[in-house]
Each structure stands twice: as structure tokens, then as C-alpha cells.
Chemist: 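One structure is given below, represented as C-alpha cells, and several questions about it will come after.
None of these values were measured; they are calculated from a predicted model. In the text below, chain A, chain B and the rest are named by the order of the sequence lines, each starting its count at 1.
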Amino acid sequence: MDLLANLNEAQRAAVSAPAGALLVVAGPGSGKTRVLTHRIAYLIREMRVSPWHIMAVTFTNKAAREMEHRIEQLLDGRPQGLNMGTFHAICARLLRREVDTLTHYQRDFVIFDTADQLQVIKQALAELNLDDKKFPPNKMLNGISNAKNDLITPAEYVATNYTGAAVQRVYERYQMTLRVNNAMDFDDLMMNVVLLFDEQPEVMARYQERYHHVLVDEFQDTNATQYRLLRQLTGDHNSIFAVGDSDQSIYKWRGADYRNIQNFYRDYPASRTILLEQNYRSTQVILDAAIEVIRHNRDHIPKKLFTERPGGTKISLREAYNESDEAATIVDTIESLMLKNRNGNDFAVMYRTNAQSRAIEEAFVQAGLPYRLVGATQFYQRREVKDIIAYLRLIHNPLDAVSFNRVLNVPTRGIGQQTQAQFNAWAAAGGRQPAEALLRLATDPDAQHPFTGRAYKALYQFGSLYAAWRTLSERVSVGELLDAVLEQINYRAYLEDGTEEGEDRWANVMELRGVAGVDSQMALGDFLQQVSLVAETDNLDSEAQATTLLTLHAAKGLEFPVVFITGLEEGLLPHSRSMDDEDELAEERRLFYVGLTRAKDAIYLSHAFRRTSWGDSSVAVPSRFLSDLPDALVDGQRPGNRRRESIDRMSTWGDKPRTSGGRPTSPSTSSGDRRPPVTNNVWGNSSGRPAQDERRLPPPNTAGDPPRRERPVSARYKTGQKVRHAKFGDGTVIETKVTGSDEEVVVAFPGLGIKRLAASIAALEIIE
DNA sequence: TTGCGCCATTTTTTT
DNA sequence: AATGGCGCAA
């Protein structure tokens with residue numbers, strides 16, 4: 001098979017480039033996976049490079065598997081020794097191999113996930129006598145993670161403000177605790193490799209000699225530490241093949257820095273750049289719309305993207321009444337498209353936040369349509385799954401105090417807070433990690449300890465079990481070990497409390513048992529590592545006819561014939577947390593761009609008039625990004641400017657609850673720091689657009705306007721009525737709804753915003 | 001020590 | 001809507 005056949009000129013140039021530094025700027029749908037796989041195959045077959053000399057970094061494990069598969073097909077066989085995986089997986093493997101050369105770690109270190117990290121931080125805060133109200137663990141974690149992504153050690157950390165000073169102290173403590181626990185967090189995986197290479201150049205040299213060719217996918221989303229690692233690896237040979245697109249950089253918040261592309265030019269002056277500009281995925285309409293959107297970003301560098309799929313269905317835009325109407329409309333649309341020979345798995349429904357998936361799921365369930373949810377409450381984050389993994393981790397690594405404290409009294413075995421604290425103190429006094437101390441307590445009759453009676457008995461029993469598991473783990477498979485643990489702690493009985501939830505939880509444990517496999521000879525350490533590094537989209541198999549529900553972030557790198565992007569509202573997309581900062585706002589726009597460019601044939605955009613978020617329903621303002629779209633490419637309702645502004649004034653999105661006095665509360669009247677939505681010459685172009693209040697007919701392929709779901713029937717109150725509330729004063733009823741025996745009334749109180757009230761409790765007085 | 005119920009707070013996105 | 005923290009009763 002000719003590896004260069006069926007490639008366009010640019011692709012061919014990239015695939016067959018001589019060794020050296022090459023940056024491939026790959027627009028959406030330009031066949032970058034194809035280029036990467038063909039490049040690897042080309043290296044092996046045409047340039048006679050041993051697979052052993054190649055490292056390929058992908059963004060997800062799934063991408064790695066997929067590429068492996070495709071290379072296998074290209075080469076008629078599996079290349080031996082090719083190192084392919086995510087930064088995290090590659091680094092974890094490397095560290096495990098080099099564990100003897102690491103200064104602060106020993107064999108069998110474990111990887112702490114976010115929940116574990118938070119535990120360590122809480123502990124650190126307590127030890128430092130810092131108030132966790134004043135210094136939220138999440139914020140601390142963020143600070144630490146950012147530092148690590150920028151390759152800043154605790155000693156190098158310089159605080160620039162009050163919070164920073166706390167982060168500095170917590171970071172130091174945190175890092176110490178991780179070491180004592182023989183644990184690393186996600187960021188450490190990369191950082192520790194870089195530090196290792198810095199400290200021991202001879203180790204680095206070994207890897208430099210091995211990896212003659214380094215390939216990186218999604219280069220725009222590498223952080224400073226990862227970039228440094230690439231620099232180290234390519235030290236003397238400089239053969240790096242980086243593929244990326246700054247317009248698809250959507251992980252700034254986790255340290256990604258697309259300026260690494262500039263660094264690349266600086267650090268590899270002899271590098272070449274190849275642009276992949278032909279899009280093989282989308283129709284002209286979709287591509288035009290996407291280009292138009294991304295063009296509104298200030299530092300966007302224009303590309304000449306083109307497609308050979310002229311025309312196409314216009315982008316459909318519609319306003320739904322609320323999130324359930326939005327979801328119902330999507331389901332209706334999918335159903336009618338399925339009558340026209342679309343399959344369920346031709347569709348993807350995308351949203352900005354995971355919380356939005358709920359309403360959509362409900363609509364799918366109601367309609368009996370199969371769907372597949374990516375992410376959300378991740379499997380490995382479930383309590384019961386984490387519990388069991390903590391057991392396994394503790395068996396693997398007795399230094400892990402976080403797992404120890406998690407499982408010590410789960411299921412409850414009579415070891416309360418009191419005893420737990422006492423035990424930890426005793427262990428610390430003896431200079432041991434708690435699980436080591438427990439082993440001693442259970443196996444050494446001469447051990448001196450302060451425990452008596454009930455507490456002693458419970459500890460002793462648990463310690464004996466633990467000692468037995470440790471021995472057992474050396475000669476049985478992961479699955480068998482898991483079975484033994486589950487049985488001996490009676491976990492099933494603990495979970496199954498008669499509720500459906502209990503059943504579900506046990507089912508999850510069984511699913512985990514399935515991951516461990518029946519006859520798998522996988523080592524416990526490998527199992528734990530694999531389980532720690534699974535990604536969101538890794539489990540996304542294209543089985544079944546199910547529609548995919550996923551966040552815009554998770555959609556990166558995927559494609560679907562028909563894409564629905566939901567919640568195009570201010571505060572959601574762009575997200576309220578990103579609206580004050582121009583860079584973050586630009587990233588939100590790129591996120592929208594990524595969503596749009598996932599689509600092959602058709603795009604449906606929607607926003608809701610009202611949206612319920614954590615309990616409260618409020619009026620939503622259509623996203624400013626909608627005005628980036630040229631009218632000619634859009635079919636459907638356009639939000640009118642007049643109404644938009646009046647809604648804007650009432651909206652309770654974003655900031656704190658409105659209070660009287662002080663600065664004006666309406667975003668459109670607040671000064672300076674905030675951009676008025678739409679009516680702005682940089683972001684919007686509404687001035688050039690006729691004031692549209694026209695309602696166009698629904699898009700041709702939605703098969704008619706679906707009946708609106710349950711319009712509320714008013715009972716005692718009516719929309720438009722003026723009412724008086726004891727606390728809020730006078731207001732106007734904007735919605736009422738009979739719920740069971742009560743009536744729910746939504747009232748707009750001038751200056752206070754919109755409140756949802758129960759008629760029976762609120763005792764509203766009708767004024768007129 | 002356990003377990004329940006109330007309260008407050010929460011959500012951006014993920015390896 | 002859901003989770004965690006906290007106080008109180010058994």
C-alpha cells in the first residue's frame with residue numbers, strides 16, 4: 001500500500017518530510033489523524049526507523065488506541081516498541097521504570113486524583129492553621145496545579161498576593177505529603193520527569209538516544225511543563241513533528257499555552273511549517289459560519305480553509321421556552337431526521353457544562369431514544385468505585401494515607417472519628433504511615449499502643465485483613481484480589497440498602513470488577529495506573545445506534561454528521577466565569593468554533609428563553625456569539641435587539657443578587673470593565689443588521705413546529721398581573737404553573753430580579 | 001459511634 | 001439538585 005496515495009499535496013509533504021522539526025498547522029477536519037498515522041507508518045516503512053525510536057503523544061488514550069489500530073492496518077502488523085499515549089500515560093510509565101533513580105519516590109507509587117488532592121490540601125490547611133473558608137481548597141489546588149503546569153516548584157513559588165502567600169505555604173506542605181504518601185498527582189507525572197531529566201542528565205540522555213522521532217498531537221494544548229519535556233527529549237536531534245491549531249486551543253484553564261507554537265518557532269529555528277487547509281468534513285455553509293465566528297477573536301490569524309462540499313443546509317437556530325423545551329425540540333428533530341435515513345449515532349448533542357445534560361437526558365428517556373453520555377459523574381469518581389480502588393491502592397502502596405483514611409471505616413466497623421484521629425497520631429508519633437502502623441499493630445504482639453477494648457478489636461481485625469490482602473496480592477490476579485476484599489468487608493451488603501440506588505452502586509462495583517478482567521494477569525500497579533488515567537472520551541465506543549451527549553470540551557477531535565449545540569446564552573456560552581476577561585472570552589469563542597467544526601452536514605443551535613440553574617429559573621439572554629453568524633447562513637429565529645436589552649436589564653445571570661443602591665446592576669449600563677452584549681463594534685455587528693423581530697418559519701428539516709410542551713394553565717394568578725409580596729414588594733407575574741396541589745408563580749420584582757414563589761407560602765396579594 | 005436531618009454551598013471545562 | 005458539613009439524638 002502506498003502511504004502517500006490518497007493524500008493531498010500538503011498532507012503528502014508532511015508525511016514524507018525529512019527528519020527535523022516540523023509544525024503542521026491543521027485546520028479542523030483537515031485529516032490530521034491521517035497525517036499522523038501515515039507519518040508514523042512512513043517513518044517505519046520508508047525511512048527505516050525502528051518503532052522503538054518513535055514516541056507519539058496523543059490527547060486521549062482513545063486517540064492513541066485508534067491511531068495504533070490505523071497504523072496496524074497501514075503496516076499489516078503491530079509495530080513493536082512504538083511508544084504511544086497521552087503525556088500522562090507515557091510519563092507514568094517512564095517514572096515507573098525509572099523509579100529507582102527518583103529521589104523522593106519508591107516502587108509502587110500511586111496517582112492521586114482530584115478528590116485525593118483535595119483531601120491532602122484540607123489536611124495541609126489544617127496543619128498550617130489556615131481557614132478553609134478563607135482559602136478554599138479548590139482555589140489552593142488551582143494555584144498549585146497552575147504552578148506545576150508552569151514548572152514552578154514550591155521553593156521557586158513567588159507569591160504576588162495574599163492568596164498566593166497561602167498557596168505557597170500549602171503547596172510546600174502538599175508536596176511533602178504527597179511524597180510521604182508515595183503518591184503523585186496528575187501534574188507531577190510530567191513535572192517529575194522534567195525534574196528527573198534536569199537532575200540526572202545521564203538518564204535524560206538515555207531517552208534522547210532512544211526517541212529519535214517525537215510526534216505530538218493537539219500541540220496547541222500543551223502546557224509549559226509538557227513543552228519543556230518535549231524540548232528535553234528532542235535535545236540533540238531536534239526531530240519533532242507537532243500538529244496543532246491555535247484556533248482549537250480550549251484548555252488554557254488547565255495550563256495549556258498556545259504560545260508554545262511561537263516558542264516552537266523560536267526554539268527550532270530550522271523548523272518548517274506546513275498548513276493543512278483543506279477541510280474534508282464539513283459543508284461550505286458550516287465552514288463559512290465557523291470561520292466567521294473565529295474571525296471575531298482579536299488575535300486570530302486567518303487561515304484559508306476550504307472545502308469541496310459546496311452549499312449545504314443552513315444552520316438552524318431556534319429559541320426554546322426553557323431547557324426541557326429545548327431538549328424536547330432536539331429529540332423531535334432527531335426523530336424526524338431518523339425517518340429520513342439518519343441513524344441515532346449520526347447525532348451529537350453538545351453543551352457547555354455537564355449540568356446541562358440532565359434535561360437532555362430526560363427528554364431522551366421520555367422519547368425512548370438511546371443515548372450515550374460522555375463524562376458527567378465519571379465512573380471512577382463514584383463513591384463506591386473510589387472506595388474499592390482505595391482498598392486496592394492501599395494494598396499496593398501502604399504509604400498511602402489518603403486511601404487509608406478513606407477506607408478505615410468504610411463499611412463502618414466501629415472506628416469513629418475519635419479513634420481514627422488517635423490512630424493517625426499514634427502512627428505519626430512512631431514515624432510511620434498509618435497503614436504501616438496498622439500492620440505492626442496486627443502482626444507484632446510486642447507493639448506498644450494506646451488502644452484498648454472496642455477500638456483495639458476493630459483495628460486489630462482490620463489490620464489482620466489488611467495483612468492477609470497484602471500477602472494475597474502477591475500471588476493472585478487483580479480480579480481475585482478484588483473478590484476477596486469485597487467478600488471480606490461485606491461490601492455488597494453495605495451497599496444494598498434496599499433502594500434502587502444501592503443496586504446501582506453494587507452494579508458499578510461489578511463493572512469495576514469487569515475492568516479487572518477474569519483471567520487478566522495485569523499487575524496491580526498497572527491496573528491502578530490504567531484506572532487513574534482514563535479520560536472522558538476513552539470509553540466512547542461507537543457501538544449501538546445511540547446519540548452522543550457530551551460537553552464541547554469532550555467533543556474535540558470528534559466528528560458527527562449532525563451536531564446540536566445547546567444553551568447559546570450569555571453566562572453559559574460564553575460562561576459567566578469567562579465573561580470579564582478578554583482572553584477567556586476568546587477561549588469561549590474557540591470552544592464554540594470547535595463545536596461548529598465537529599459537524600459534517602448540519603448544525604442546530606438553540607438557546608432557551610428561561611433556564612433553571614441550581615434551583616432557580618431565570619430569563620436568559622441569547623449568546624453574543626450568535627451575532628457572529630452571518631444572516632445568510634442561518635435559518636430560524638434571530639433574537640431581536642429590543643427585547644434582548646430589556647431582558648438583559650432584568651436578568652439575574654452572573655453577578656451577585658441585586659441589592660439596592662450602589663453601582664448600576666445592569667450589565668449594559670455598568671461601565672468600563674464589562675462589554676455590553678451585542679451592541680459592540682468588536683464582538684457584534686448588530687448595528688449593521690436590521691432590527692429583526694421577524695419570526696421565520698421553522699427550518700425545513702425539523703418537520704414542522706413541534707407542539708410546545710405543557711403550557712402552564714393559570715389557576716389563581718395570571719401573567720401580567722401586579723401582585724404584592726410581604727418582603728419583595730410589588731411585582732409583575734410573568735409565569736404561573738400548577739404543581740400538584742400548589743401553584744408556582746414567577747414574579748418579576750423591579751430592582752430585585754425574578755423570583756419563583758409557591759403561592760401557598762408566599763401569600764401574594766393581587767393589586768390589579 | 002452511628003445515623004439522621006438540616007443547612008449552606010455549589011459548577012465551567014479534565015488528565 | 002446534589003453533595004458535604006454539622007449538630008443532635010439514640
Chemist: Counting any heavy atom closer than 4.0 Å, what does A:E587 reach on the DNA or RNA strands: base, sugar-phosphate only, or nothing?
Modeler: nothing
Chemist: Can you tell which of B:dT13, C:dG4, B:dT15 lies closest to the side chain of A:R383?
Modeler: C:dG4
Chemist: Write down the distance between CD (A:Q356) and P (C:dA1), rounded to a whole number of angstrom.
Modeler: 15 Å
Chemist: A:L459 has an atom CG; how far is it from atom C1' of B:dT1, in whole Å?
Modeler: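 Distance, rounded to whole Å: 14 Å.
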Chemist: Nearest to the A:T114 side chain among B:dT15, B:dT1, C:dG5, which nucleotide is it?
Modeler: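 Out of B:dT15, B:dT1, C:dG5, the nucleotide with an atom closest to A:T114's side chain is B:dT15.
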Chemist: Would you mind telling me which residue lines up with the more 5' stretch of DNA chain B, A:F186 or A:R413, judged by nearest nucleotide?
Modeler: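 This one resolves to A:R413.
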Chemist: Hey, could you give me each pair passing side-chain hydrogen bond (donor to acceptor under 3.5 Å, both in side chains) that has a residue in residues 449-461 of chain A? Not counting sequence neighbours.
Modeler: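 Applying side-chain hydrogen bond (donor to acceptor under 3.5 Å, both in side chains) to every pair that reaches into residues 449-461 of chain A, excluding sequence neighbours, yields nothing.
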Chemist: So which nucleotide from B:dT1, B:dT15, B:dT11 ends up closest to the side chain of A:Q418?
Modeler: B:dT1
Chemist: Quick one: A:R382 CZ to C:dG4 P, roughly how many Å, whole number?
Modeler: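 From A:R382 CZ to C:dG4 P: 13 Å.
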Chemist: Across the strands shown, which category fits A:K252 at heavy-atom distances under 4.0 angstrom: base, sugar-phosphate, nothing?
Modeler: nothing
Chemist: Would you say A:N297 and A:Y593 are linked by a side-chain donor-acceptor pair, where the criterion is simply a distance under 3.5 Å?
Modeler: no
Chemist: Are B:dT13 and A:Y251 stacked, with the base six-membered ring and the side-chain ring centres under 5.5 Å apart and planes under 30°?
Modeler: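 Not stacked by the 5.5 Å and 30° rule.
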Chemist: Reckon A:K122 has a side-chain N or O less than 4.0 Å from the OP1 or OP2 of C:dG5?
Modeler: yes
Chemist: Looking at every strand, decide which applies to A:I415 at a 4.0 Å heavy-atom threshold: base, sugar-phosphate, or nothing.
Modeler: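 Sugar-phosphate only.
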Chemist: Nearest to the side chain of A:N354, heavy atoms from C-beta on, is which of B:dT13, B:dT11, B:dT1?
Modeler: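 Nearest to the side-chain atoms of A:N354, counting from C-beta on, is B:dT13.
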Chemist: May I ask you to say what A:S532 touches in the nucleic acid, namely base, sugar-phosphate or nothing, with a heavy-atom cut-off under 4.0 Å?
Modeler: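 Nothing, no heavy atom under 4.0 Å.
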Chemist: Quick one: A:L189 CG to B:dT14 C1', roughly how many Å, whole number?
Modeler: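 A:L189 atom CG is separated from B:dT14 atom C1' by 14 Å.
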Chemist: Please identify each residue that fulfils side chain to side chain donor-acceptor pair (under 3.5 Å) with A:Y251, with sequence neighbours left out.
Modeler: none
Chemist: Could you pull out all residues at least two apart from A:D400 that satisfy side chain to side chain donor-acceptor pair (under 3.5 Å)?
Modeler: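 A:D400: side chain to side chain donor-acceptor pair (under 3.5 Å) contacts with A:R393, A:S403.
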Chemist: Let me know the distance between CE of A:M190 and P of B:dT14, rounded to the nearest Å.
Modeler: 16 Å
Chemist: Can you name the salt bridge (charged side-chain N to carboxylate O under 4.0 Å, His left out) partners of A:D257, sequence neighbours left out?
Modeler: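 Partners of A:D257 by the salt bridge (charged side-chain N to carboxylate O under 4.0 Å, His left out) criterion, ordered by chain and then number, come out as A:R259.
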Chemist: Identify whether any heavy atom of A:N409 sits under 4.0 Å from a base atom; if not, whether one sits that close to sugar-phosphate; answer base, sugar-phosphate or nothing.
Modeler: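 Sugar-phosphate only.
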Chemist: For A:K148, which of A:N223, A:N192, A:D185, A:T225 qualifies under side-chain hydrogen bond (donor to acceptor under 3.5 Å, both in side chains)?
Modeler: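 Among A:N223, A:N192, A:D185, A:T225, the one that satisfies the side-chain hydrogen bond (donor to acceptor under 3.5 Å, both in side chains) with A:K148 is A:D185.
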Chemist: Kindly give the atom pairs (protein nitrogen or oxygen, nucleotide nitrogen or oxygen) under 3.5 Å for nucleotides 3-9 of chain B.
Modeler:
none

Chemist: What nucleic acid atoms does A:R590 come within less than 4.0 Å of, heavy atoms only: base, sugar-phosphate, or nothing?
Modeler: nothing
Chemist: With a non-hydrogen cut-off below 4.0 angstrom, is A:N149 in contact with a base, only sugar-phosphate, or nothing?
Modeler: nothing
Chemist: Which of these nucleotides, C:dG4, B:dT14, C:dA1, is closest to any side-chain atom of A:H553?
Modeler: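 Among the listed nucleotides, the one closest to the side chain of A:H553 is B:dT14.
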Chemist: Enumerate, atom names and distances included, each donor-acceptor pair closer than 3.5 Å involving a side-chain atom of residues 133-144 of chain A, sequence neighbours excluded.
Modeler:
none

Chemist: To the nearest Å, give me how far apart CD (A:E218) and P (B:dT13) are.
Modeler: 20 Å
Chemist: Angle between ring planes, A:H88 versus A:F186, binned at 30° and 60°: parallel, tilted or perpendicular?
Modeler: perpendicular
Chemist: Can you check the A:D132 CG to C:dC6 P distance for me, whole Å?
Modeler: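 One finds 8 Å between P of C:dC6 and CG of A:D132, rounded.
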